[in-house]
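Presented below is the structure to which this report refers.
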Amino acid sequence: MTMFVLGDVLSGAEVRVLRDEAARLEFEDGARTAGARARRVKANDQAARSPERDALLEMARKALTAHPVFQSAARPRQMTPLILSRYREGQTYGYHVDDALMGGIRTDLSFTLFLADPESYDGGALEIDDPAGLREVRLPAGSAVLYPSTSLHRVAPVTRGERLAVVGWIESWIRDDAERAILFGLDQALATLDGGGDVALVSDKLAQIRSNLLRRWAGR
Ligand code: NI
């Protein structure tokens with residue numbers, strides 16, 4: 001499973017602005033926007049629609065799409081409207097898979113942009129079921145994780161404090177996770193070369209890409 005961690009999507013100052021704004025918003029039951037299966041396990045709150053909420057989410061969307069790794073990792077074609085989600089003590093979102101289609105958008109990638117400082121709450125990790133083992137994601141405020149929407153995942157119960165995050169979904173120009181990873185590898189190799197970086201590392205990266213392309217194409 002290809003998972004990307006995007007550091008410093010928002011600066012500390014931006015995080016504080018968003019949190020202050022969020023504290024003034026009205027929240028409603030998050031189960032309203034869940035599919036039929038997910039509704040049974042979803043217990044969180046989401047910011048209700050308002051011009052202030054929309055401005056906050058627009059700030060988050062702009063910051064995310066401006067992040068240098070985001071474009072290369074996701075190759076976004078469309079994005080769903082974002083959601084500001086809040087989990088307080090006792091709230092959780094049990095294991096589920098995200099809906100494949102949301103408002104005419106095919107969900108290829110899911111993301112969570114963390115707004116709460118990890119020290120300010122307990123529990124609340126995003127837990128992604130991976131063949132290699134459970135992946136627990138709990139990032140600093142202002143950082144985001146991007147993961148395949150095909151995965152089974154949950155938000156562990158919050159046992160103290162408040163977990164605030166922005167979540168959303170991306171339809172990528174490249175539907176296939178492995179193909180997207182190959183293009184990402186090429187981007188990385190080119191960036192290293194263009195930046196006058198380690199040629200030996202680029203060589204290793206190209207060998208990896210050749211090998212993975214051969215695996216996909218051999219015997220077709
Ligand atoms: Ni989900």
Side-chain angles (χ1 to χ4, degrees), residues 1-6 9 18 22 27-49 53 56-57 60-61 64-65 67 70 73-116 118 121-159 162-172 175-177 180:
M1 185 190 67
T2 317
M3 196 178 91
F4 297 92
V5 171
L6 313 185
V9 172
L18 290 192
F27 281 74
E28 59 192 14
D29 186 356
R32 288 174 48 151
T33 57
R37 281 186 72 85
R39 198 169 301 140
R40 289 186 252 147
V41 294
K42 187 174 185 184
N44 71 352
D45 297 312
Q46 292 171 181
R49 171 177 285 176
R53 180 207 68 170
L56 183 160
L57 292 175
R61 194 192 62 79
L64 195 67
T65 53
H67 192 280
F70 178 81
R75 300 196 186 267
R77 184 182 195 179
Q78 297 188 78
M79 237 157 116
T80 64
L82 306 191
I83 292 174
L84 179 64
S85 83
R86 186 184 73 190
Y87 295 77
R88 287 179 162 167
E89 205 175 308
Q91 291 189 307
T92 180
Y93 192 168
Y95 276 111
H96 65 279
V97 65
D98 297 335
D99 282 343
L101 300 171
M102 293 187 196
I105 292 174
R106 186 189 66 234
T107 58
D108 297 318
L109 290 153
S110 309
F111 64 82
T112 299
L113 171 59
F114 291 80
L115 293 182
Y121 64 100
D122 289 328
L126 171 64
E127 298 185 347
I128 306 169
D129 183 48
D130 183 30
L134 191 73
R135 311 274 284 259
E136 278 191 55
V137 187
R138 213 171 176 285
L139 298 176
S143 293
V145 62
L146 210 57
Y147 60 100
S149 300
T150 50
S151 63
L152 201 60
H153 57 273
R154 73 161 188 158
V155 175
V158 168
T159 56
E162 180 178 300
R163 176 199 196 266
L164 193 67
V166 173
V167 301
W169 295 266
I170 300 155
E171 178 177 311
S172 175
R175 179 192 296 233
D176 184 82
D177 200 30
R180 215 182 304 114

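Just so you know, ligand 1 is whichever comes first in the structure, and atom 1 is the first atom listed for that ligand.
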Charged N-O contact under 4.0 Å between Arg175 and Asp108: no
May I ask you to decide if [Y]'s main-chain N or O and [X]'s side chain share a donor-acceptor pair within less than 3.5 Å?
X	Y	value
Ser172	Arg75	yes
Ser143	Phe114	no
Arg106	Ala100	no

Looking just at side-chain N and O atoms, do Thr107 and Asp98 make a donor-acceptor pair shorter than 3.5 Å? no
Checked the Ni ion (ligand 1): protein N, O or S atoms closer than 2.8 Å come out as His96 NE2, Asp98 OD1, His153 NE2
Distance, nearest 0.5 Å, that separates CD1 of Ile128 from CG of Leu134: 8.5 Å
